[in-house]
K.L.:
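Dropping a structure here in structure tokens format, bear with me for questions.
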Amino acid sequence: MSVPPATHDVSVNPPLLDASGLSKTFGIIEVLKDISLTVRAGEVHAIIGENGAGKSTLMKILAGNHSPTRGEMKIDGQPVSFSGPVDAENHGIVLVHQEILLAPDLTVAQNIYLGREIGKGIAVDDRAMNEGAAKAIRDLGADIDPNAIVSRLSIAQRQLVQIARVLLVPHRIVIFDEPTASLTPHETEALLKVIQDIRAKGVGVLYISHRLPEVKEIADRVTVLRDGRLVASHETSELQPADMARLMVGRDVAKLYPDRHAMEAREPVLQVAGFDVPGYARDASFTLNKGEILGFAGLIGAGRTELMEGLVGLRPAKGSVTFRGRAVNFTDVHSSLKAGVAYLSEDRKGKGLLLTKDLRTNLTLASLGKFIRGLQIDRKREADALDKAIQDFDIRTGTKNILAGQLSGGNQQKLLLAKMMMLDPQVVIIDEPTRGIDIGNKEQIYKFIAALAQEGRSIIVVSSEMPELIGICDRIHVMREGRIVGEVTGEHMNENEIVQLATGVKSGVGEAA
Amino acid sequence: MSAATTEIAKAPKTSKDWDMAAIAPFVALALLLVLGYFANPNFVSVANLTNVITRSAFIAIVALGATYVISSGGLDLSVGAMVAFVASLMILFMNTGAVADPMLMLLTAMLVALVLGAACGLANGLITTVGKIEPFIATLGMMGIYRGLTTWLSQGGSITVRDRELQQLYRPVYFGDVFGMPIPIIVIFVTAAIAAFVLYRTRYGRHVIAVGSNEEVARYSGISVKKVRTIAYVIQGLCVAVAVIIYVPRLGSTSATTGILWELQAITAVVVGGTALRGGVGRVWGTLCGAFILEIVGNIMLLSNFVSEYLIGAIQGAIIIIAMLVQRTLMRK
Amino acid sequence: MSAATTEIAKAPKTSKDWDMAAIAPFVALALLLVLGYFANPNFVSVANLTNVITRSAFIAIVALGATYVISSGGLDLSVGAMVAFVASLMILFMNTGAVADPMLMLLTAMLVALVLGAACGLANGLITTVGKIEPFIATLGMMGIYRGLTTWLSQGGSITVRDRELQQLYRPVYFGDVFGMPIPIIVIFVTAAIAAFVLYRTRYGRHVIAVGSNEEVARYSGISVKKVRTIAYVIQGLCVAVAVIIYVPRLGSTSATTGILWELQAITAVVVGGTALRGGVGRVWGTLCGAFILEIVGNIMLLSNFVSEYLIGAIQGAIIIIAMLVQRTLMRK
Amino acid sequence: WAQEEKKVTIGVSIPAADHGWTAGVVFHAERVAKLLMAEHKGLNVIVKTSADPASQANAVQDLAVQGIDALVILPTDPDQLVSAIQQVKDDGKFVALVDRAPSVNDNTIRDLYVAGNNPALGEVAGKYIAETTPEAEVVIIRGLPIPIDQQRQDGFDKGIEGSKVKVLDRQYGNWSRDDAFRVMQDYLTKYPKIDVVWCQDDDMAVGVLEAIEQAKRTDIQYVVGGAGSKDMIKRVMDGDKIMPVDVLYPPAMVATAMQLTAGGFYDQVPVSGNYILDATLVTKDNAKDFYFPDSPF
Ligand SMILES: Nc1ncnc2c1ncn2[C@@H]1O[C@H](COP(=O)(O)OP(=O)(O)OP(=O)(O)O)[C@@H](O)[C@H]1O
Ligand SMILES: Nc1ncnc2c1ncn2[C@@H]1O[C@H](COP(=O)(O)OP(=O)(O)OP(=O)(O)O)[C@@H](O)[C@H]1O
Ligand SMILES: [Mg+2]
Ligand SMILES: [Mg+2]
């Protein structure tokens with residue numbers, strides 16, 4: 001990638017923030033244990049760790065969202081304790097949250113200036129704010145209408161708005177909690193440039209990401225958390241991504257992508273022809289074979305999500321769909337699930353899991369029919385199913401009696417996977433399977449996907465991460481502006497080919513292959 | 001989506017909190033019983049307590065239905081008017097004398113009430129789900145319709161069971177008892193037990209909670225949100241019908257003013273019982289407790305002679321607010 | 001060649017949707033005016049329309065306040081009772097004769113009403129925000145309290161302005177006009193203009209929408225959610241006071257039944273006007289439109305000869321539902 | 001002397017003060033309760049108000065629990081309270097029924113019946129209008145859709161029977177000043193000529209008069225109210241053209257029933273049977289007999 005590595009030595013710069021002995025307990029669970037950490041001016045300090053390692057919790061403490069159970073923080077050598085996020089902001093510490101925190105009914109500009117509106121007399125100066133917002137977004141290399149209502153934006157766009165909002169606050173330390181999880185390479189690159197710019201101004205940056213090459217590229221220093229403990233902290237130059245992965249997971253992650261057996265006969269399971277999702281996708285045609293993993297690549301807004309949602313009956317759509325030799329028309333999810341086609345949403349929190357309910361309720365929600373004995377739900381069997389799912393999918397949690405929303409992101413994804421697999425579907429459509437997921441978990445999820453294919457199920461993976469598509473898929477369809485513009489297979493399966501198709505530089509190549 | 005992500009922050013930190021929320025209404029009830037004793041020792045007499053619980057039957061049973069509607073994320077403001085409407089039609093049916101045998105007539109009339117209740121509930125449900133109108137407004141409109149139709153049926157007057165014999169046969173359904181236990185109390189507890197079973201132990205009940213806590217997640221899990229909500233309204237209608245079935249024998253007559261404000265009382269009972277108005281949580285036994293609390297507050301006020309009758313409404317309002325404050329305080333612990 | 005360029009193309013679809021939601025109530029109003037003309041040509045006479053708009057003043061002004069409360073994510077069921085309470089106290093104050101000069105007395109009394117309204121709003125606000133009670137229940141309780149106190153103040157009867165001279169001086173505030181424009185209509189539009197300015201153009205208004213849209217986000221943005229909501233209730237209280245100020249000169253008296261069910265009418269006006277009950281959207285002019293629609297529906301019904309007086313309530317309910325359906329259909333286009 | 005020692009509890013159940021007339025009822029019940037208790041040392045009078053039939057049924061039960069010897073009840077809706085009253089009666093208590101009678105109104109349900117005369121209230125008004133302005137075009141504002149309102153309407157129709165009085169319209173004003181104002185405004189829009197308004201209640205007359213005054217209409221000759229509120233009686237007394245008469249329906253009837261009931265216990269005069277108070281037509285001549293400036297109504 002194009003961002004140059006840091007050339008100057010920042011380790012001699014004065015520390016802006018000095019945290020020592022930070023611990024945090026929720027109820028009886030100790031999430032952070034004795035963490036000490038320094039952020040220097042002009043330094044990009046990456047924090048990596050598995051899902052649930054406590055990265056976000058640590059960042060929330062530094063930004064005043066949580067108060068630590070133990071430990072202390074110093075800014076410029078002066079001890080501080082924050083009464084809340086606004087207090088931290090006044091000290092110059094700002095946080096880009098992992099979750100999207102925007103008011104859905106307000107416009108982009110209104111959100112960006114929320115709580116610090118520009119005034120003109122007693123009125124607000126919307127013109128000035130629109131201009132400011134447009135500039136802030138342009139600075140991120142994006143193009144979003146400042147007058148657009150946030151609820152109408154895609155997740156990626158919201159993420160950019162959120163970053164723009166935070167960067168407008170006067171800051172000395174900026175914390176990014178997985179800012180790139182839902183961004184495409186293009187946008188990621190623009191963001192990394194912005195980070196280089198702000199660090200050049202002497203701002204300290206704390207950076208969390210599961211994308212280790214990105215970390216290698218941008219960070220001066222890498223700190224690794226595991227199970228709430230700080231296990232290592234090194235100059236980035238001393239580490240390769242593979243070392244980082246090892247430190248995170250505590251074992252070697254030599255091979256991220258599982259081996260795939262070559263497919264024998266091509267037996268079509270799902271045939272889609274001339275499929276339209278009005279407003280999002282036009283004239284989509286493709287075939288999914290038994291035991292195959294089919295990838296869908298494309299830029300954000302290419303309409304992949306909508307195409308899949310249309311296919312399973314979540315959106316109004318029309319076209320011909322043949323499933324296992326029979327023409328089907330899924331008008332609602334119930335019918336597609338029953339037929340054996342399951343869709344896992346990219347929006348885990350909003351559409352995948354009931355965050356305020358426990359794991360058991362979530363696990364069996366889509367497949368309650370299997371747990372009915374007589375008139376009622378057999379809770380014993382539900383509990384057994386949960387035990388089994390925790391085992392099979394390696395869902396890591398201190399206790400089984402927590403709410404789904406209290407699981408870390410990766411574990412939520414595994415729970416969602418487990419929930420849908422309870423239905424024993426023949427076709428599984430997974431949208432962004434590893435968004436925001438650590439490398440260890442990724443490896444496991446890829447293994448599950450491969451195993452599913454091995455069992456003879458057919459998988460569609462929609463992803464914005466090209467390496468993962470290339471790593472696990474047999475074939476990849478590329479979408480652009482609502483259309484399937486090409487297919488890549490075999491030796492054509494490389495990033496260059498996909499990017500060219502996705503951006504329209506090249507069209508139709510490999511379709512015959 | 002951002003609404004959902006932030007929800008977690010509000011969620012209880014531990015399961016202990018939930019338990020407190022469940023217990024709080026019962027604590028409030030206990031406190032009220034003590035208060036009642038001091039206001040007037042007659043209060044704790046079996047006769048009085050039986051009276052009070054018996055007459056809380058209407059609100060309690062209607063509120064059981066409201067628990068379903070509310071925990072599925074809906075609201076029904078039409079129930080009071082629906083009581084008047086269904087009761088009027090039931091009496092009119094009895095007055096037709098369509099069935100000769102009184103006993104059979106009574107049973108048929110009850111069936112008619114149940115069918116009517118379910119139909120009214122269905123209408124409410126379809127308007128909010130298929131018509132996609134905010135439940136508050138949709139059911140407010142239906143309230144106007146049911147009440148207007150009742151006024152029209154009664155031609156501005158009241159509708160009374162004409163057949164004395166039938167009325168005498170029917171009376172025990174409200175005034176009678178089984179082994180000393182008044183029938184309405186039995187009906188309350190049987191209805192509540194069924195409601196609790198369906199909500200807590202069946203697939204449909206699980207779906208109600210899922211739809212109420214996050215509609216999208218429910219939809220993506222293959223649950224038909226519209227169907228689940230509509231059925232919740234039908235259940236509400238059936239509960240209204242059950243309330244009507246024990247209401248009619250009590251006064252033997254209805255008018256356009258029957259059941260006025262019962263919707264607000266039912267919703268209050270549900271909320272005082274610990275069910276959140278935003279949906280996703282349903283507490284059947286809490287609702288019962290809430291209904292008892294409401295009735296007992298009125299009863300204490302009547303039995304004690306301290307309060308000017310002009311102020312009863314004010315004190316009642318104050319007690320509800322205090323009860324909710326107590327509940328919140330307990331939950332924060 | 002950025003990813004964002006493809007998204008822009010779809011953006012316009014977005015703003016159109018919103019415009020329809022804003023326009024829908026006005027379309028409904030226009031349809032109603034046409035309907036009214038066919039029901040009775042007198043309907044469109046200036047005299048009749050002036051009458052109708054003038055008497056919609058109370059609900060319209062109360063509903064403007066409700067727009068704030070609702071778009072900040074709250075609800076206030078106590079406004080009807082609050083009208084009765086504030087009006088009663090205002091008249092009682094006028095009857096004390098504390099100020100000798102009638103004109104000065106009148107102005108002082110108006111000030112008293114505004115202070116009382118604000119105080120009642122503050123009480124509601126604090127109970128829901130600091131007391132953390134669901135607004136539905138908290139304000140239902142307050143409704144009981146305000147109405148109970150009014151009944152007590154009036155000893156069940158009515159409270160009337162005793163000083164004839166004062167009453168005569170005050171009358172024009174309801175019955176008078178400026179260049180042919182009735183004063184209540186002027187008050188409606190001035191209040192609405194202020195309400196629109198504050199909601200759309202000031203920092204506070206922005207915060208109201210943010211709080212209603214997502215409380216958590218507002219909090220992270222350094223907005224005091226409690227303060228914003230409490231102030232919304234105070235604004236509601238002030239609007240109630242303004243309504244009282246033009247209500248009292250009309251009949252010069254109040255009773256415990258003054259303003260009954262106004263809260264439901266105000267909320268209906270707000271929702272018919274396009275404001276969502278879940279909060280985060282506020283449409284000041286839509287609310288006004290909603291209030292006019294409600295009053296006009298009643299007016300048409302009285303002027304036409306088709307509807308039995310028994311059925312008026314039913315038709316009114318049906319029209320509200322149909323209006324909402326029309327609105328939904330328009331918005332989906 | 002010995003009789004004065006006798007401990008007696010009288011329960012009085014009346015509607016809540018929801019408009020002027022019921023406020024008058026509450027006022028008189030309270031007033032006489034105090035009077036009677038001062039008069040008889042052993043007497044305890046408990047007055048309870050209720051907003052609707054269901055809660056009044058509850059109130060009656062609650063009074064029974066407190067151990068009453070007699071019940072004086074003015075039911076919100078008699079048919080709906082028959083059962084509750086019957087229970088008290090069946091327990092052998094003395095029952096005095098006031099104002100509103102159920103369809104079955106005999107000794108099986110009550111000992112004493114004191115009532116105004118709802119049909120007569122309508123009839124007197126109707127007769128007056130038929131005699132004074134035989135060809136009048138009348139608009140009517142009704143109360144709430146409950147039976148007593150229906151009785152008054154029927155009485156009115158009987159009163160104008162045979163005359164050329166024409167009823168243009170009847171709409172509900174819910175015994176509320178504000179609603180009556182609204183209905184009257186619309187009547188004025190709808191009918192270019194109205195001779196007489198009958199609104200059967202003095203509370204509603206307040207709203208009607210304001211609406212007429214605002215419209216500056218001169219075609220309306222007069223308004224007939226009802227019940228006899230002090231303000232309207234005063235107008236009649238003062239010879240106000242627009243309010244020439246009022247029809248009496250005194251809220252004090254509850255006081256009469258209470259006094260009769262107490263009398264039964266202490267004066268040993270057997271009381272039972274029907275006491276129907278006339279729906280007297282109040283005119284300028286007799287108005288001062290019915291003017292009580294202290295009443296809230
Ligand atoms: N409010 C809470 N109550 C209880 N436990 C919590 C709470 N918030 C977080 N946790 C737990 O704390 C642990 C750390 O969570 P955190 O969100 O900090 O992880 P993370 O390192 O950011 O993971 P990810 O990479 O998935 O974002 C997890 O086990 C999580 O379940
Ligand atoms: N609720 C909505 N209303 C209107 N437009 C929407 C809505 N949700 C998403 N969009 C728009 O639809 C387009 C496609 O959405 P989306 O980003 O989900 O596509 P995608 O190809 O699945 O990309 P990715 O999943 O990588 O984000 C985007 O332009 C987005 O802004
Ligand atoms: Mg995290
Ligand atoms: Mg997508």
Side-chain angles (χ1 to χ4, degrees), chain A residues 26-28 65 97-104 150-151 155 158 162 309 312-314 332-338 342-345 347-358 361-362 364-369 371-372 375-379 399 401-406 416 419-420 423, chain B residues 1-19 21 71-73 129-130 193-228 230 275-276 278-282 333:
Chain A
F26 287 114
I28 49 162
N65 292 312
H97 281 268
Q98 185 174 9
E99 315 90 53
I100 307 282
L101 278 173
L102 297 171
V150 162
S151 65
I155 292 178
R158 292 184 204 191
Q162 173 151 284
E309 289 184 345
V312 297
L314 279 161
D332 56 41
V333 203
H334 185 69
S335 53
S336 57
L337 284 180
K338 217 169 137 193
Y343 170 74
L344 276 71
S345 172
D347 185 359
R348 280 195 297 266
K349 291 170 190 265
K351 293 167 179 161
L353 297 172
L354 297 173
L355 301 182
T356 52
K357 298 288 170 226
D358 60 8
T361 309
N362 272 289
T364 59
L365 188 61
S367 54
L368 271 177
F371 295 91
I372 300 296
L375 279 172
Q376 55 177 320
I377 300 169
D378 187 340
R379 294 197 192 186
T399 155
N401 293 322
I402 62 168
L403 306 181
Q406 290 169 337
L416 180 58
K419 166 182 165 181
M420 286 309 191
L423 287 158
Chain B
M1 98 136 249
S2 37
T5 45
T6 52
E7 218 170 89
I8 275 305
K10 283 181 240 154
K13 303 287 181 289
T14 63
S15 53
K16 238 204 218 153
D17 284 3
W18 285 112
D19 290 343
S71 52
S72 81
T129 57
V130 179
I194 297 173
F197 178 82
V198 173
L199 191 60
Y200 300 142
R201 323 269 327 176
T202 70
R203 171 152 54 154
Y204 172 71
R206 194 65 70 77
H207 287 178
V208 166
I209 299 298
V211 167
S213 54
N214 187 332
E215 206 176 306
E216 283 294 278
V217 172
R219 198 162 72 92
Y220 276 72
S221 304
I223 298 170
S224 166
V225 175
K226 284 182 190 174
K227 206 154 90 189
V228 169
T230 307
T275 299
R278 64 183 153 69
V281 183
K333 280 214 187 101

K.L.:
How long is the span from the CG atom in A:Asp332 to the CD1 atom in B:Ile223, to the nearest 0.5 Å?
P.N.:
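Result: 12.0 Å between the selected atoms.
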K.L.:
Under a 4.5 Å heavy-atom cutoff, which of A:Lys351, A:Arg348, A:Gln376 has the most pairs with chain B?
P.N.:
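Between A:Lys351, A:Arg348, A:Gln376, the count favours A:Lys351.
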K.L.:
A:Lys357 side chain to B:Ile209 main-chain N or O, any donor-acceptor pair under 3.5 Å?
P.N.:
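No, because the side chain of A:Lys357 does not come within donor-acceptor range (under 3.5 Å) of the backbone of B:Ile209.
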K.L.:
Quick one: list whatever passes salt bridge (charged side-chain N to carboxylate O under 4.0 Å, His left out) with B:Arg206, sequence neighbours left out.
P.N.:
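Expected list: A:Glu382.
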K.L.:
Identify the heavy atoms of A:Ile377 and B:Thr202 that sit nearest to each other, and give their distance.
P.N.:
CD1-O, 3.4 Å
K.L.:
So for A:Lys338, is it side chain, backbone, both, or neither that comes closer than 4.5 Å to the heavy atoms of chain B?
P.N.:
neither
K.L.:
Please classify the contact between A:Ile372 and chain B as side chain, backbone, both or neither, with a heavy-atom cut-off of under 4.5 Å.
P.N.:
side chain
K.L.:
Looking at A:Asp378, A:Leu368, A:Asp358, which makes the most heavy-atom pairs under 4.5 Å with chain B?
P.N.:
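Ranked by contacts with chain B, first place is A:Leu368.
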K.L.:
Kindly say whether A:Gly350 contributes a backbone atom to a donor-acceptor pair with the side chain of B:Asn214 at under 3.5 angstrom?
P.N.:
yes
K.L.:
Given that the side chain runs from C-beta out, which part of A:Leu314 has a heavy atom under 4.5 Å from chain B: side chain, backbone, both or neither?
P.N.:
both
K.L.:
Answer yes if the side chains of B:Tyr220 and A:Glu309 hold a donor-acceptor pair under 3.5 Å, and no otherwise.
P.N.:
yes
K.L.:
Taking atom OG of B:Ser221 and atom CE of A:Met420, what is their separation to the nearest 0.5 Å?
P.N.:
5.0 Å
K.L.:
Side chain, backbone, both or neither: which part of A:Arg379 has an atom under 4.5 Å from a heavy atom of chain B?
P.N.:
side chain
K.L.:
Do you know which of A:Val312, A:Thr364, A:Val333, A:Leu423 has the most heavy-atom pairs under 4.5 Å to chain B?
P.N.:
A:Val333
K.L.:
Report which part of B:Phe197 has an atom under 4.5 Å of a heavy atom belonging to chain A: side chain, backbone, both, or neither.
P.N.:
side chain
K.L.:
Counting heavy-atom pairs under 4.5 Å with chain B, which one of A:Asn362, A:Leu375, A:Ile402 comes out on top?
P.N.:
A:Leu375
K.L.:
Quick check for you: to the nearest 0.5 Å, what is the distance between A:Leu353 atom CG and B:Ser213 atom OG?
P.N.:
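Answer for the CG-OG pair, A:Leu353 versus B:Ser213, is 11.0 Å.
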K.L.:
So, for A:His334 and B:Gly222, which heavy atoms are closest and what is the spacing to 0.1 Å?
P.N.:
ND1-O, 3.1 Å
K.L.:
Write down the atom of B:Val217, the atom of A:Gly352, and the distance for their closest heavy-atom approach.
P.N.:
CG1-O, 3.6 Å
